[in-house]
Every structure is written in C-alpha cells, then in structure tokens.
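Taking it in order: structure first as structure tokens, then the write-up.
Predicted model only: the values in this text are computed from it and were never measured.
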Amino acid sequence: MTNNFDEKNAILQSVYKAAPIGIGFVKNRVILEVNDKFCSIVGYSRKEIIGKDSAILYVSKEEYERVGKEKYLQIEKTGVGIIETKYKKKDGQIIDVKISSAAIDSKDLSKGYSFTILDITKEKNAEKIITENEKLLSTIIDAIAAPVFYKDKKGLYIGCNQKFADYFGISKEEIIGKTPFDIAPENLAKIYHNADMEILQKGEIQIYEADVLGKNNVLRHFMFHKSPFKNQNDEIIGLVGAMLDITERKNLETALYYSEKKFAAAFNNSPVVITLTYLETGKYFEINNAFTRELEYTREEVIGKTSHDLGVFKDANERNRLVSKLIEKGFIENEECEFVSKSGKIITALLSLSILNSNNQKFILSTVINITEQKKNSLALAESEEKYRMIAENATDVIWRLNIASGKFEYISPSVFHLRGLTVEEAMNENFIETMSEESREMAKSALKNINEDQLHPKAPSSNFLIQQHHKNGNLIWVEISAKALRCPKSGQIIILGASRNVNDRVKAQQELVATKEKAVEADKLKSVFLANMSHEIRTPMNSILGFSDLLTDDELNKETKEKYLNIIKKSGNQLMTIINDLIDISKIEANQISIRNTAISLHQTLYDLKFHFEKQASEKGINFIYEVKPEFLNCIVSSDANRIRQIVNNFLQNSIKFTEKGEISFGYKIENEIAEIFVEDSGIGIPIEEHKSVFERFRQVNQKSYLAGKGVGLGLSIAGSLVKLLGSEITLSSSPGKGSRFSFKLKTLKNQETPKNIMKTYQESITTNYESSTILVADDEEDNIILLQEMLEKNKFSLILARNGEEAVEQAIKHPEIDLILMDIKMPLKNGMDATKEIKALRSNLPIIAQTAFALSTEREEILNSGFDDYISKPISAVKLLDLIRKNIKK
C-alpha cells in the first residue's frame with residue numbers, strides 16, 4: 001500500500017515539474033509553491049516568489065482585486081475559477097495569462113487553492129492583428145469604386161461594400177443573410193444564383209454580364225467578376241464578386257461598314273496591327289486581322305468603340321497625348337507604347353501614326369509593331385515602374401519629381417489638370433518657382449537653398465509647405481505641398497519628390513473662421529460695455545430708491561422734505577422701469593413675440609401726451625422744447641398701434657434729451673400727400689455719417705469716448721428701429737457732428753375720418769367716481785401687493801374681500817354673491833389664477849374677472865383672455881389704469 005502511494009506521489013511530482021504550464025498553490029493569496037514552468041513564465045525564481053503575496057504579479061491593485069473577486073465567485077458556484085488577466089514579469093514586461101484555480105478542499109476553503117497559468121500573449125496579439133486586418137480589409141473594400149459583395153458556401157450574402165449597398169438602396173447590415181431572390185426579380189436572381197452555385201461547386205472564376213435592377217427600379221447592365229475563396233484546408237467556403245457598370249458601352253453602335261474593298265485585302269492580311277480611327281471622336285472605323293490576333297478582341301467588339309472604352313492603352317491618357325503630338329507634327333514614327341489585350345496581357349509595341357483625309361473626314365492611320373519579346377529581359381523592371389506610375393496617375397493629389405538644377409518637372413501626374421487646369425505637357429514646360437505668388441516664391445527659394453545633408457537622408461521626414469500657385473484661369477489657389485529631397489545615386493543631382501493638394505476651400509474656411517472670431521470678439525466687447533452700462537443704470541436709481549427710502553423713516557422730516565424725497569424715489573422708479581421695459585422689449589423682439597394691434601387713432605393725441613412728460617426734463621437742462629403740428633392736421637387719423645408709436649417717439653426724445661446740452665428739441669408730425677411724417681429733431685452733438693447704421697445695432701452707443709456715452713444701455717434706438725419695421729415703415733436719420741440729429745418715419749393717413757370721441761378722454765371719471773356700494777375680491781399671495789391694492793381701492797370707497805391662493809378665491813366667490821368683480825393674480829399656490837378663473841366662470845359666468853400678472857416675455861394677453869378673463873393689467877400696477885379697468889368692467 002505504501003509503495004503504491006509513493007509511486008503515485010512520484011508520478012505526480014514528475015508531472016508537476018515537467019508540465020508545460022505554470023502550476024502552484026496559494027493560501028490567502030500568498031504563493032506557497034510553484035513549478036519551474038511558472039517561474040519561467042513570470043521571470044522570478046522559486047526563492048523570489050514563494051511566500052510572496054500574489055499581488056506582486058499584477059499590473060495594478062485594481063486588477064488584483066478584480067481577479068480575486070471574480071475568480072472566487074466562480075469557485076463558489078462551479079468549484080473552478082477561470083479568468084484572463086495581465087501579469088507584470090520581474091523585468092517589467094506585461095504578458096497576457098489565463099488562470100485556472102480550484103480549492104484544495106472544497107469543504108474547507110481555508111486550506112488554500114491550486115492554480116495553473118498559461119501564457120496567452122501570442123494568442124492575444126494574434127487576435128489583435130486579425131481584428132486590425134479585418135478593419136483594414138473592410139476599409140479597402142469600401143474604397144473600391146465598383147460594387148463588391150461576398151457570400152458563404154450556401155450562396156447567402158455575408159457582406160458588401162458601401163457602393164453595393166447604395167446601388168440597391170439598403171444598408172450593409174441588411175444584406176447579411178439574404179439571397180439574390182431577396183433583392184432582385186426572380187428572372188435576374190436565377191442568373192446570379194446559378195452562377196454562384198457553379199463557382200462554389202467547381203471552384204472556378206466566372207466572368208459574365210447581366211442586367212441589375214437597383215433602387216428606384218433603375219436597370220443597368222453590369223459585368224460580373226466572381227471568384228471562390230478558400231480556407232487553410234483549401235476548402236471552398238464562399239465567393240467574392242465585383243460588378244462593373246458597362247451600360248454605356250453596350251448602348252453604343254456595335255458595327256460599321258468596311259471602307260474600300262481594294263484596301264481591305266492588304267489591310268487584313270498585314271502581319272502588322274493596322275487601325276483606322278476617327279480623328280475627332282477616337283472611335284475605331286476599321287481594324288485588321290492582326291489587331292484581333294494580337295489584342296484578342298473580335299471585330300464586333302471593337303468597331304464603334306474607342307481605345308478608352310476598351311482600355312487598349314495601358315495609360316488611359318496616352319491617346320490624348322499622342323493625338324496632340326500628331327496634330328502638332330503631322331506624323332509620329334515608331335513611338336514606344338504599351339497596350340492591353342482583352343485577356344489583360346501587356347503588349348509593348350512601336351506605334352506610328354499619320355492623318356488621312358477621305359470624303360471630307362479625317363482619320364488616324366495607326367500601325368503597331370509588337371516588340372514584347374525584345375523587351376522581355378527588362379520586363380521585371382518595367383512592371384515595377386508601371387505599378388508606381390499607375391498609382392501616381394490615378395491619385396487625387398498631384399505627384400511630381402522636380403530637378404532642382406533646372407527648376408523643371410521631370411514628371412508630373414495628370415491630376416495637375418484638376419489642380420491648376422493644365423495638361424501634363426503644359427505643366428512640364430513650366431518653371432516650378434514661377435508658378436507661385438511673389439510671397440510663396442521667396443519661401444520656396446529659401447527652402448530649396450537651405451537643403452542640407454540631413455534632409456537628403458532617405459529616412460528623413462518629408463516637409464510640408466502651404467503656398468499659393470497660379471491657376472490657368474488666372475486665379476491664385478492655396479496648395480499644400482508635401483516634399484522630400486533626394487540625391488540620385490548615379491548622377492549625384494538633387495531632386496525633389498512631392499505631392500500637391502488643393503486646400504483652397506480649407507484655407508478660405510480658416511480665414512472666414514478668423515473673421516467670424518473677430519466679429520464675435522467685437523460683439524463680446526459691445527456686450528461687456530452694455531453690461532457695464534446696465535449695471536450702472538440699474539444701480540443708480542436703485543441707490544436713490546433705497547437711500548431716500550431710508551431717509552423717509554426719520555420722523556423729524558418736514559412735509560416739504562418728504563415730498564422732495566418721494567419725488568426723487570418716484571423719478572428713480574420710473575427710470576428703473578424704463579430700463580426694465582427696454583430689456584423686456586429687446587427680448588421680445590429677439591424672440592419675435594411683439595405683435596402690432598392696429599386701430600384708428602388720433603396722431604395728435606398719441607404724441608401730445610409726450611409733450612408734458614419731456615418738457616420738464618428739457619426745461620431743467622435749459623433746452624427749448626417745441627411740439628410742432630399745424631392746426632389743420634390736428635384731426636389726422638392713422639391705422640396703427642398708438643402704444644408702439646409713443647414708445648418709438650419716446651426713445652427718440654430720450655436720446656435727444658441725453659445728447660443735447662443747449663439749443664432746442666422739436667417733435668411732431670407733418671402731412672404731405674396723405675402721408676404723415678413723424679419726427680424728432682434736436683441741436684445736440686450729432687452723429688457721424690459712418691455711424692448712421694450702427695446706432696440701430698444692439699448695445700451700440702455713438703460717441704463711445706464722450707462722457708455721455710455711458711448713459712443708458714444702448715437699446716433705445718435698436719428697439720425703435722425694430723418697432724418701426726413692424727409698423728411697416730423705416731427710420732430716416734439726418735445728422736452730422738455738431739449740427740444735431742433728425743429722426744423720422746412715415747405712416748399713411750386714413751381718409752374722411754373724424755377724431756374718435758374717446759381718444760381725448762381722461763381718467764378723471766375713474767378717480768372721482770364713488771364705488772362705495774361695489775365689492776371686489778382681491779386674490780393674491782403676496783402681502784405687499786395686497787396692501788398696495790387695499791390702499792388704491794379703499795381710498796375710492798370699495799369694499800374688499802381677500803383671498804391668498806386660488807382655492808380660497810373659488811371658495812370666496814361662491815360664498816359671497818355680492819362680489820361685483822375679482823382681481824385675480826395669475827401665479828398663486830395650491831391653484832393658479834387661470835384654473836381658479838375657469839372654476840368660477842363655470843358657476844358665475846357674468847362675474848367680471850381681471851387678471852393681474854408680472855409676466856412680460858410671452859404673448860400673454862391673448863393667452864390670458866382666452867382662459868376666460870375679461871381683462872388684463874400688468875405689474876407694476878398704475879392706480880389710474882386700475883380704476884379705469886374697474887369702471888369699464890363693473891356694470892351696475
């Protein structure tokens with residue numbers, strides 16, 4: 001028995017030491033034992049690691065705690081904990097490991113745990129590379145201009161590029177799992193499906209043409225190129241396909257007649273490729289048998305097409321260059337060119353061209369001698385150069401090589417046409433420096449002059465420059481250049497390899513951004529001035545109101561002094577109210593919430609009230625104040641908004657009072673051809689002509705440097721300008737420094753109208769009427785407001801009932817049938833004024849209710865009246881206006 005146990009123990013010890021994975025034991029996360037493989041993985045010796053807390057192996061304390069928590073939760077549920085984490089080896093290297101742990105005694109976890117670790121760093125790195133490669137492949141496929149798709153071995157779509165998804169009008173995600181029958185008509189889907197199945201069974205590439213019905217039922221003709229793809233075991237697991245739109249090619253003419261029969265025999269039997277093409281269009285008129293033999297196209301495939309259609313020239317721009325040269329010289333002899341056969345075979349040949357005239361038609365006679373075999377020894381080099389040339393010629397950026405000694409281009413790609421409107425030949429004849437603006441020339445000359453050996457090193461980085469170059473149309477365009485200087489190994493000459501890109505739009509956008517930023521800075525300065533002025537304008541009257549309010553508490557003040565203080569407080573309050581009203585009006589204008597209420601009004605009465613308001617202010621400054629209206633115009637009637645007219649003229653007058661130190665101010669209106677011109681004219685400091693527009697901008701003040709500039713917040717004229725536009729007119733300003741200013745606007749008068757009888761009314765009736773028998777319910781939650789209303793109403797013999805919330809207002813209205821009118825605050829606790837009014841009106845529909853509110857920024861009048869109120873008054877409440885509203889609404 002003992003021998004058997006010893007034998008098994010020896011075997012376990014052998015496995016423990018020879019195991020290809022790290023093995024060990026921990027207790028309370030302290031390492032008690034590890035094998036040699038564990039030591040080789042973490043880089044510590046057994047002596048260095050045994051007895052240490054396992055935290056020594058983790059990259060962070062947080063990771064150490066996470067692994068412990070998650071692993072022991074797994075052990076409690078399944079008996080085994082498996083988790084992936086990162087270890088930090090002794091030398092500081094970070095590795096990925098997989099840890100598996102199990103309790104030594106599942107009934108007594110305090111005995112510790114056995115564990116194994118496996119270094120999975122290589123696997124993780126491989127996964128990362130695979131993921132990155134998949135992303136790269138997806139990006140490359142999306143960049144392909146033709147529709148591309150790929151399917152699994154069942155013929156189901158497993159992906160496509162954006163071009164394919166766009167053609168069918170579906171997303172790349174929606175295509176996954178679908179078959180051709182899900183996206184195409186059955187007759188077409190069968191063609192695609194049968195081709196797919198043949199490829200997947202035979203494993204051969206298929207090229208075929210078929211119609212394709214895309215989004216919006218657009219039918220086009222495509223050439224399909226499908227190829228199977230295999231796994232590592234050479235098993236077909238799917239296919240990939242690309243689609244080339246050949247609709248235009250299929251719609252062209254496919255045949256033309258022979259020219260002359262005498263020419264045909266020699267023409268067709270020549271061993272040299274001979275073609276006749278139209279000079280103007282480039283379409284093939286005739287080809288010989290050598291053409292079909294060498295280039296593998298049938299005659300029917302060629303006639304009526306161009307070399308560009310067939311892709312005969314390896315360089316798509318080659319024919320254009322050759323034709324230009326032919327027209328210039330009259331002939332071309334034995335020029336080496338490269339052609340592409342139908343199967344894709346590259347043919348190197350000597351090309352000769354001449355121009356033929358026949359029946360008033362110009363043709364190009366071409367002979368092509370195949371010299372491919374002669375070039376065979378240099379094929380590898382030619383193919384390598386061709387790859388780079390194709391990249392350059394198809395790149396969006398202009399790629400070029402410059403000889404510094406001559407300043408001329410040795411090569412420049414055709415994209416120079418899109419950049420600067422030049423052909424390659426035109427660009428090759430230019431001097432690089434002379435293509436730039438004067439400023440850019442100096443920078444380029446300096447850069448070329450200061451090229452050093454460090455910059456010539458092959459591994460030295462490229463340099464980037466922003467220059468301006470001349471376009472063929474005469475304009476200057478911004479171009480970004482990335483360039484690298486190199487020394488040719490053979491000649492020792494220095495050349496520049498570079499790429500140019502049009503960044504005109506980007507530079508203009510940056511310039512516009514700078515201009516916008518400058519405007520924003522200016523606007524910020526104006527707002528700062530406005531805020532400073534507003535602070536001053538608000539604090540000044542507030543200082544008077546609070547200061548003189550404190551002084552009024554002195555019981556020893558006589559009546560005359562008290563009246564003086566009260567007048568100052570009232571004046572400061574009015575000043576503060578003007579500022580607040582300006583801010584509210586500008587906010588309403590900005591929010592497009594000001595509406596005009598046109599009624600037939602007396603222009604004389606509308607303006608005459610302003611005379612009494614401003615003549616005292618003018619008198620205090622020693623200014624002559626004049627109201628000008630001819631007697632025959634006193635009954636002038638206009639259809640407009642009286643309040644807005646007064647507000648506009650009020651702002652004009654305030655401006656004149658502020659900026660006039662001597663002389664006179666006149667205002668009024670004149671009538672000519674049934675048009676009333678309302679004006680305000682002063683002899684003040686005046687406004688420079690260049691500032692006539694800016695005075696109507698937000699926060700602007702003329703004469704910013706004068707001591708008067710800080711008075712007011714700079715909104716009056718801006719508000720006036722906006723209001724005049726709402727009235728359908730415009731402000732005319734006539735002013736110059738030292739000669740005063742004249743503001744005016746015009747309104748159309750109404751014909752055959754008498755002055756409305758109620759326009760000349762006063763509020764005397766409201767003030768003197770005795771309301772002793774009338775009862776009013778005052779609903780307001782602010783005690784100060786209640787006291788104010790009591791003072792206003794009880795003085796005029798009203799009986800008052802009070803309610804301090806909406807629910808109490810409803811109760812009092814029901815309880816007291818003697819109530820003749822309700823003053824209802826809108827914003828109250830428990831129930832707001834609108835809801836309370838609806839309930840009261842449902843019970844007492846004839847009881848008049850007047851809304852009182854402090855809100856001012858919305859179109860509240862219509863909203864309040866639509867809620868059931870009979871009338872409306874806004875805070876601060878004027879006693880005269882309040883009594884007038886009560887008089888109108890109480891009907892005895």
Side-chain angles (χ1 to χ4, degrees), residues 522 525-526 529-530 533 536-537 575 578 582 603-604 606-608 610-630 633 636 644-673 675-725 727 729-747:
E522 174 65 17
K525 289 180 180 178
L526 291 174
V529 173
F530 160 72
N533 289 343
H536 174 268
E537 291 299 308
Q575 182 181 347
T578 298
D582 279 353
L603 197 53
H604 167 61
T606 300
L607 298 178
Y608 191 70
L610 294 172
K611 175 179 183 296
F612 301 102
H613 182 71
F614 284 98
E615 64 183 355
K616 183 178 179 182
Q617 295 181 43
S619 177
E620 289 174 353
K621 293 185 70 172
I623 301 169
N624 189 24
F625 192 75
I626 303 169
Y627 174 61
E628 290 185 17
V629 178
K630 291 184 178 180
F633 298 148
C636 171
R644 295 307 177 188
I645 292 174
R646 273 194 292 268
Q647 186 177 0
I648 294 165
V649 177
N650 181 81
N651 284 341
F652 290 164
L653 289 171
Q654 283 183 338
N655 213 54
S656 292
I657 291 287
K658 186 197 311 184
F659 292 108
T660 302
E661 294 300 312
K662 60 181 179 178
E664 68 178 27
I665 297 172
S666 62
F667 82 106
Y669 62 91
K670 300 176 181 179
I671 298 177
E672 185 175 347
N673 297 327
I675 299 295
E677 181 191 28
I678 303 166
F679 67 89
V680 173
E681 188 171 357
D682 63 55
S683 59
I685 60 177
I687 302 170
I689 294 176
E690 62 271 16
E691 295 191 38
H692 280 197
K693 289 185 179 179
S694 65
V695 294
F696 297 105
E697 295 177 5
R698 307 285 191 270
F699 318 128
R700 285 278 188 180
Q701 289 183 317
V702 182
N703 303 306
Q704 296 275 353
K705 297 180 180 180
S706 77
Y707 77 97
L708 292 170
K711 294 187 176 183
V713 292
L715 295 176
L717 290 180
S718 176
I719 293 170
S722 299
L723 292 177
V724 168
K725 286 182 180 179
L727 294 179
S729 184
E730 61 181 18
I731 295 175
T732 300
L733 169 60
S734 174
S735 180
S736 59
K739 295 184 179 180
S741 303
R742 187 180 192 274
F743 293 87
S744 65
F745 63 99
K746 296 178 179 180
L747 297 174

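Between F625 and L653, the closest side-chain pair of non-hydrogen atoms falls below 4.5 Å. Between D682 and I623, every side-chain heavy-atom pair lies at or beyond the 4.5 Å cut-off. Side chains of F679 and T732 form no contact here, defined as non-hydrogen atoms less than 4.5 Å apart. The shortest distance between side-chain heavy atoms of Y627 and H604 falls below 4.5 Å. With a 4.5 Å cut-off on side-chain heavy atoms, L727 and I648 count as touching.
Remark: the backbone N or O of I678 is not paired with any side-chain donor or acceptor of S744 at under 3.5 angstrom. A donor-acceptor pair is defined here as one N or O able to donate and one able to accept, closer than 3.5 Å; such a pair exists between the side chain of S656 and the backbone of F652. Side-chain N or O atoms of S734 include none that pairs as donor or acceptor with a backbone N or O of R742 at under 3.5 Å.
Within the model, atoms CG of L723 and CZ of F745 stand 9.5 Å from one another, a figure rounded to the nearest 0.5 Å. The CG atom of L733 sits 8.5 Å away from atom CG of L717, with the distance rounded to the nearest 0.5 Å. Residue Q617 holds its CD atom at 12.0 Å from NZ of K658, rounded to the nearest 0.5 Å.
Between G740 and S735 the shortest heavy-atom distance is O-OG, 2.9 Å. The shortest heavy-atom contact between L610 and R646 is CD1-O, 4.0 Å. Among all heavy-atom pairs drawn from T660 and S683, the shortest one is CG2-OG, 3.9 Å. In this structure, N651 and A720 approach most closely via the heavy-atom pair ND2-N, 4.1 Å. The two atoms that bring G686 and S741 nearest to each other are CA-OG, 3.7 Å, heavy atoms only.
No more than 12 heavy atoms of other residues, nucleotides or ligands sit less than 6.0 Å from atom CD of E730. When the shell of 6.0 Å around CD1 of I626 is examined, it contains more than 12 heavy atoms from other residues, nucleotides or ligands.
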> So L747 and I645, side-chain contact (heavy atoms from CB on, under 4.5 Å) or not? Walk me through it.
Replying inline: CA-CA 10 Å; L747 297 174; I645 292 174; 3.6 Å; yes
Using residues 662-673 as the side-chain source, report each donor-acceptor pair under 3.5 Å to any protein atom, sequence neighbours left out, with the distance given to one decimal.
residue, atom, partner, partner atom, Å
Y669, OH, F633, O, 2.6

